[in-house]
Amino acid sequence: MPFRDIVGHAPVLALVSRAIARGTLPPSLLLVGPDGVGKRTTAVAVAQALNCETPIRDVALPHGHRAEIDACGTCGACRRIARGEERLRAGEGAALDTFRVLAPDEKGSIKVDPVRDLVAAAGFRPLDGQRRVIVIDGAEALETGAQNALLKTLEEPPPGTVLLLIAARVDALLATVRSRCPELRFAPLAEREVAGLLAARCGLDPAEANAAAGVSGGSLTVALARRPGAVADAREIAHDVLAGLARGGPDDVRLDVASRLLVRAAPRTMAARGRGAAGKAGGRGAAAAAGGAGRKGAQADRQQVAARLDAMASLLRDLQVVGSGADRRWLANADLEASLTALRSAYDGPRIGRAFEAVDRARIALDRNVSPKAVAAWLAFNL
Ligand SMILES: [Zn+2]
């Protein structure tokens, strides 16, 4: 996606574009800012602007900013990069010579070996006239050894190569890494920008888009996980998992039940709602719907699982209310009172305490980049 189509961050985009136009782009950059605001989308735009066969000069950006150079978005190079990014997001990991991405593994870390492989691959010059953009998305997950393995390359990337480190936080990065990379700060998006993206790219109606944007903290990823339909979906899935695990059962059954936490919700498009099929599991995920807006699927999945765990905590609180005989007006999910009452015998006093603790720990693990899959598997045996 070219710079001109990215929502927000006009001053940052203008700065990067100017540097590309004048050949002064630093060989390594640190893109810092909250998840779901467009950092990776910007990395794609950089790769396209560097490789575009028919770049456009002096393009208007919002708020009076200008991009000195921008990708056309339609030539072979632009389309190859866009397709490559789509495949990466879909987990098909095709490596392009012009655009490579390294992301955290299943356990949420980036170890030294994949970094060494990347550094070795970067040693080969890109094909004639091409520029290679290497993205490390989730750089805060780089283990110390992996960061050290990168230092040399950050200092002096191979000719024709630009390294973009993407991070939500920089406190996990070594001072030696930070000192080698100029930082580009990405602020949270304005609520109206999130609402606009939800309406334009995810088909939400204005009221729904505004409501979700209002609790998004400026992140499209969070907005997608918190939109009204998603909250209802999250609660339904949380309830199913609690009910499924209430019965106990063999390991494979428990794992199967807990894996429902990972099912991708379908985007709530106008068409889907028209058919009454909104928000059900399956098909292209919310992550895919958000793809054009710069979210990697993994992060969307993480937000989705987080929303389901929050719904689970809310249901556990209600199970306590039901069990204590307190006034039903305290129930957050009063419409589910009958099924909560049925579940209550399985989640008695001590077990509910353990379940609360398990959900809390799972939330913390998710925030620390442990993979949603590992979190779900752990919950299968601790709820
Ligand atoms: Zn192009």
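Atom CZ of R131 sits about 8.0 Å away from atom CD1 of I20, to the nearest 0.5 Å. In this structure, CD in Q147 is found 5.5 Å from CG in L142, a value given to the nearest 0.5 Å. Atom CG of L316 and atom CE of M312 lie 7.5 Å apart (nearest 0.5 Å). Taking CG from L331 and CG from D318, the interatomic distance works out to 4.5 Å, rounded to the nearest 0.5 Å. Distance check: L61 CG to H65 NE2 gives 8.0 Å after rounding to the nearest 0.5 Å. Here the CG-CZ distance, from L29 to R180, works out to 15.0 Å after rounding to the nearest 0.5 Å.
Taking both residues in full, the closest heavy atoms of G8 and E193 are given as CA-OE2, 3.6 Å, listed atom of the first, atom of the second, then distance. Smallest separation of non-hydrogen atoms from V359 and L309: CG1-O, 3.5 Å. Residues I110 and G138 come closest through the heavy atom pair CD1-O, 3.7 Å. Scanning both residues, V115 and A149, for their nearest heavy atoms gives CG1-CB, 4.0 Å. Contact between A358 and W378 at its shortest, heavy atoms only, is O-CZ3, 3.4 Å. Here the closest heavy-atom approach between residue G108 and residue A141 is recorded as O-CB, 3.3 Å.
Put simply, the side chain of R351 gets close to the backbone of L383: a donor and an acceptor are under 3.5 Å apart. A donor-acceptor pair under 3.5 Å links the side-chain atoms of R344 to the main chain of L319, judged by distance alone. For T42 (side chain) and G38 (main-chain N/O), a donor-acceptor pair under 3.5 Å exists by modelled atom type. Within the 3.5 Å criterion, the main-chain N or O of M1 finds a donor-acceptor partner in the side chain of Q48. The main-chain N or O of A14 is never found under 3.5 Å from a side-chain atom of R66 such that the two would form a donor-acceptor pair. When atom types are taken as modelled, the side chain of S219 and the backbone of D35 share a donor-acceptor pair closer than 3.5 angstrom. Using modelled atom types, one side-chain atom of Y347 and one backbone atom of L242 make a donor-acceptor pair closer than 3.5 Å. In this structure, N51 contributes its side chain and A47 its backbone to a donor-acceptor pair below 3.5 Å. Remark: the backbone N or O of L154 is paired with a side-chain donor or acceptor of S28 at under 3.5 angstrom. Remark: side-chain polar atoms of E140 are paired, donor with acceptor, to backbone N or O of A168 under 3.5 angstrom.
Annotation: side chain of L30 is in contact with side chain of L173 (closest heavy-atom distance under 4.5 Å). No side-chain heavy atom of W330 sits under 4.5 Å from any side-chain heavy atom of R317. At least one side-chain heavy atom of L118 sits less than 4.5 Å from a side-chain heavy atom of I134. A heavy-atom distance below 4.5 Å is found between the side chains of D105 and K111. The shortest side-chain heavy-atom distance between V44 and I81 falls under the 4.5 Å cut-off. In this structure, R302 and N369 have side chains that are in contact, with non-hydrogen atoms separated by less than 4.5 Å. A 4.5 Å side-chain heavy-atom check between C52 and D70 finds every atom pair outside the cut-off. Counting heavy atoms from C-beta outward, R132 and T98 have side chains that stay 4.5 Å or more apart.
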* Show your working on side-chain contact (heavy atoms from CB on, under 4.5 Å) between V32 and L184 and close with a plain yes or no. => CA-CA 6 Å; V32 186; L184 287 176; over 6 Å; no
* **Test salt bridge (charged side-chain N to carboxylate O under 4.0 Å, His left out) applied to E155 and K152, step by step** => CA-CA 5 Å; E155 246 165 54; K152 197 88 199 109; 3.5 Å; yes
* Steps toward salt bridge (charged side-chain N to carboxylate O under 4.0 Å, His left out) verdict (R22, E68) -> CA-CA 9 Å; R22 300 179 184 186; E68 280 193 21; 2.5 Å; yes
* **T41 vs K39, side-chain hydrogen bond (donor to acceptor under 3.5 Å, both in side chains): CA-CA, chis, key distance, verdict** => CA-CA 5 Å; T41 307; K39 299 188 299 300; over 6 Å; no
* To do: Please test I69 against I56 for side-chain contact (heavy atoms from CB on, under 4.5 Å), starting from the C-alpha separation and ending with a verdict.
  => CA-CA 6 Å; I69 192 169; I56 307 173; over 6 Å; no
* After noting the C-alpha distance and the side-chain angles of V7 and R201, does the key distance pass the side-chain contact (heavy atoms from CB on, under 4.5 Å) rule? -> CA-CA 12 Å; V7 172; R201 298 195 185 148; 4.2 Å; yes
* Verdict with supporting geometry, S339 and H239, side-chain contact (heavy atoms from CB on, under 4.5 Å) -> CA-CA 9 Å; S339 55; H239 179 271; 3.3 Å; yes
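Both L15 and L50 belong to a single network of hydrophobic side chains, linked directly or stepwise wherever heavy atoms of I, L, V, M, F, W or Y lie under 4.5 Å apart. Note: the hydrophobic cluster containing V257 does not contain F381 (ILVMFWY, side chain heavy atoms under 4.5 Å, direct or indirect links). A continuous path of hydrophobic side-chain contacts links L262 to L245 [ILVMFWY only; heavy atoms under 4.5 Å]. No continuous path of ILVMFWY side-chain contacts below 4.5 Å connects F356 to I364, so the two sit in separate hydrophobic clusters. Residues F3 and V37 are members of one and the same hydrophobic cluster, defined by side-chain heavy-atom contacts under 4.5 angstrom among Ile, Leu, Val, Met, Phe, Trp and Tyr.
Ionic pairing of R329 and D327 is present here: one or more N-O contacts between side-chain nitrogen and carboxylate oxygen are shorter than 4.0 angstrom. A salt bridge is absent between D310 and R235; no separation between the charged side-chain nitrogens and carboxylate oxygens falls under 4.0 Å.
For R368, the CZ atom is loosely surrounded, since the number of other residues' heavy atoms within 6.0 Å does not exceed 12. At most 12 non-hydrogen atoms from other residues, nucleotides or ligands lie less than 6.0 angstrom from CD of E357.
Between V101 and the choices D137, L164, I136, the side-chain contact (heavy atoms from CB on, under 4.5 Å) rule is met once, by D137.
Using modelled atom types and a 3.5 Å distance limit, the side chains of S314 and N333 yield a donor-acceptor pair.
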